[in-house]
*Asks:* 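Take a look at this one; I'll ask things after.
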Amino acid sequence: MKLDTLCVQGGYKPKSGEPRVVPIAQSTTFFYEKAREMADLFDLKADGYFYTRLANPTVDAFEKKLAALDGGTCGIATASGMSATLLAILNVCNAGDNIVSSNAVYGGTYNLFSVTLPKYGIECRFFDPDDTKENIEKLVDDKTKVIFAETVANPTIVVLDFDKIADIAKRNQVLFMVDNTLVTPVLCRPLDFGANVVLYSSSKYLDGHAVALGGCIIDGGNFDFTKTNRYEEFLKPDESYHGLVYSSLGNTAFGVKCRVQMMRDLGAIMSPQNAFLTNLGMETLALRMERHCENAKKVAKFLENHPKVEWVKHASLENNKYHELAMKYMPNGQGGMMSFGVKGGCEKASQFMEALKMIAIVTHVADARSCVLHPASTTHRQLSKADLDAIGIADNLIRLSVGIENADDIISDLEQALNQI
Ligand SMILES: *Cc1c(COP(=O)(O)O)cnc(C)c1O
């Protein structure tokens with residue numbers, strides 16, 4: 001099945017007489033007649049459900065659909081995008097290990113890596129995504145367990161150079177994890193370009209309507225844990241799980257460990273209700289992404305030509321620094337997120353935002369409704385001008401998430417607000 005068909009049909013196939021639409025299995029636990037049946041489930045000898053913290057049919061349908069879209073071997077749905085990143089990292093890192101990450105990552109991820117993980121002995125080494133392969137590779141040592149980046153980073157709109165980073169990961173046999181939230185598998189499949197694990201905040205385009213928080217970890221099944229000594233824990237029996245040796249599971253080693261060990265102990269599950277809503281949203285994902293991209297392209301062009309706009313960043317623009325990379329990895333569309341600067345700095349940026357009538361000021365991005373945010377006065381207000389400069393956030397930067405309304409209405413709202421400053 002093609003991607004747009006999988007969005008509609010993937011993950012769930014009812015048997016005769018069962019509900020046509022994936023039902024909400026609103027139950028913490030599942031019934032079995034024989035003790036033996038349950039024991040087999042615990043031993044991973046049989047497939048099935050016994051407790052919703054580990055697996056639930058509604059959540060399972062969502063995981064299967066997303067894994068199919070990405071071409072991965074399995075998915076693990078989580079309570080949020082942040083918990084997807086946390087569980088994926090903890091699945092391979094212990095105290096004393098390190099991760100090497102692009103500095104162009106979501107604010108929450110940056111905080112997790114720079115402040116919270118170090119408290120537990122996991123160090124993060126940040127690289128500038130525009131730096132050379134040689135310089136980035138110097139950060140990798142024998143304690144490095146993950147190389148991390150985002151396909152398109154928010155709000156700086158940096159596009160990942162997959163070949164450059166995948167090559168470092170491959171040469172050093174380190175897992176390459178990619179947060180694909182702002183692109184979705186409809187526009188780019190990181191596993192096709194050398195990633196080993198793909199992460200999502202499903203709270204954004206996957207849900208698409210801003211109704212359900214969630215996340216997902218996709219195991220690419222393309223990393224052989226037996227070929228390196230870097231991941232000892234995958235090679236030794238897990239005494240906390242009947243002596244299971246995860247590497248013996250082959251192409252689901254990462255995913256199964258994440259579920260039976262990380263999810264068992266940390267419990268950041270996606271609820272069946274949220275899986276249902278996200279799954280419903282995903283039925284129109286391919287259609288919505290097409291419109292988001294088409295609208296964003298028109299809006300970026302409009303802003304680029306407006307006299308009160310100092311600069312615009314969207315990879316669809318031919319003079320954008322990342323245009324060539326975007327054409328290589330996401331030729332069918334570059335997503336609905338962009339940033340731009342109005343002339344006159346911070347004050348004019350605030351004035352502009354307040355003059356908007358339809359486009360709302362919210363902290364969310366990537367849903368059906370167009371919205372804006374001014375990071376310098378909101379999400380990043382605790383940072384000094386020097387700090388903002390260092391991470392590429394100008395004080396006049398406005399982040400715009402272009403929705404699926406009619407492009408003319410989005411543009412006329414932007415235009416009337418620009419006319420007022
Ligand atoms: C929103 C977001 C996250 C965090 O997801 P939550 O669902 O809000 O926890 C992670 N990565 C990216 C790129 C995001 O946009």
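Whatever order the structure lists ligands and atoms in, that order sets their numbers, starting from 1. Just so it is clear, the structure is predicted and the values come from calculations on it, not from any experiment.
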*Asks:* Pull out every atom of ligand 1 sitting under 4.0 Å from any heavy atom of E150, numbered as shown with elements.
*Replies:*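 In order of number, 13 (C).
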*Asks:* When you measure from the side chain of N56 to the backbone of A25, do you find a donor-acceptor pair of N or O atoms at a distance under 3.5 Å?
*Replies:*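 Yes: the side chain of N56 pairs with the backbone of A25.
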*Asks:* If we ignore angles and hydrogens, is there a donor and acceptor under 3.5 Å between the side chains of S370 and E405?
*Replies:*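 S370 vs E405: donor-acceptor pair found between side chains.
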*Asks:* Is G81 close to ligand 1, meaning an N/O of one under 3.5 Å from an N/O of the other?
*Replies:*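 Yes.
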*Asks:* Any nitrogen or oxygen of T109, main chain or side chain, under 3.5 Å from a nitrogen or oxygen of ligand 1?
*Replies:*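 In fact, backbone or side chain, T109 has no N or O that close.
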*Asks:* Which atoms of ligand 1 sit under 4.0 Å from any heavy atom of M82?
*Replies:*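 Counting from 1, the qualifying ligand atoms are 4 (C), 5 (O), 6 (P), 9 (O).
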*Asks:* Determine whether the aromatic ring centres of Y231 and Y246 lie less than 6.0 Å apart.
*Replies:*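 No, they do not, as the ring centres are separated by 6.0 Å or more.
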*Asks:* If we ignore angles and hydrogens, is there a donor and acceptor under 3.5 Å between the side chains of D70 and Y200?
*Replies:*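 Short answer, yes.
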*Asks:* Which residue supplies the protein heavy atom nearest to atom 4 (C) of ligand 1, what is that atom called, and how far is it?
*Replies:*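 The protein heavy atom lying closest is Y106 CE2, 3.4 Å.
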*Asks:* Does a donor on one side chain sit under 3.5 Å from an acceptor on the other, for T144 and N98?
*Replies:*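 Looking only at side-chain atoms, N98 and T144 do form a donor-acceptor pair, the distance falling under 3.5 Å.
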*Asks:* If the cut-off is 4.0 Å to any non-hydrogen atom of K204, which atoms of ligand 1 fall inside it?
*Replies:*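 Taking each heavy atom of K204 in turn, ligand 1 has 1 (C), 2 (C), 3 (C), 14 (C), 15 (O) under 4.0 Å.
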*Asks:* Would you call D131 and K138 a salt bridge, using N to O less than 4.0 angstrom?
*Replies:*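 Here D131 does not pair with K138 in a salt bridge, since their nearest N and O are not under 4.0 Å apart.
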*Asks:* Which of the atoms of ligand 1 are close to G214, meaning less than 4.0 Å from one of its heavy atoms?
*Replies:*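 This gives 7 (O) as the contact atoms.
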*Asks:* Can you report which non-hydrogen protein atom sits closest to atom 13 (C) of ligand 1, along with the distance?
*Replies:*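 Here the closest protein heavy atom is D179 OD2, 3.4 Å.
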*Asks:* Compute the ring centroids of F223 and F234, then answer whether they are less than 6.0 Å apart.
*Replies:*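 No, the ring centres sit 6.0 Å or more apart.
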*Asks:* Looking only at protein heavy atoms, identify the closest one to atom 7 (O) of ligand 1 and say how far it is in Å.
*Replies:*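 Protein heavy atom at minimum distance: S203 OG, 2.7 Å.
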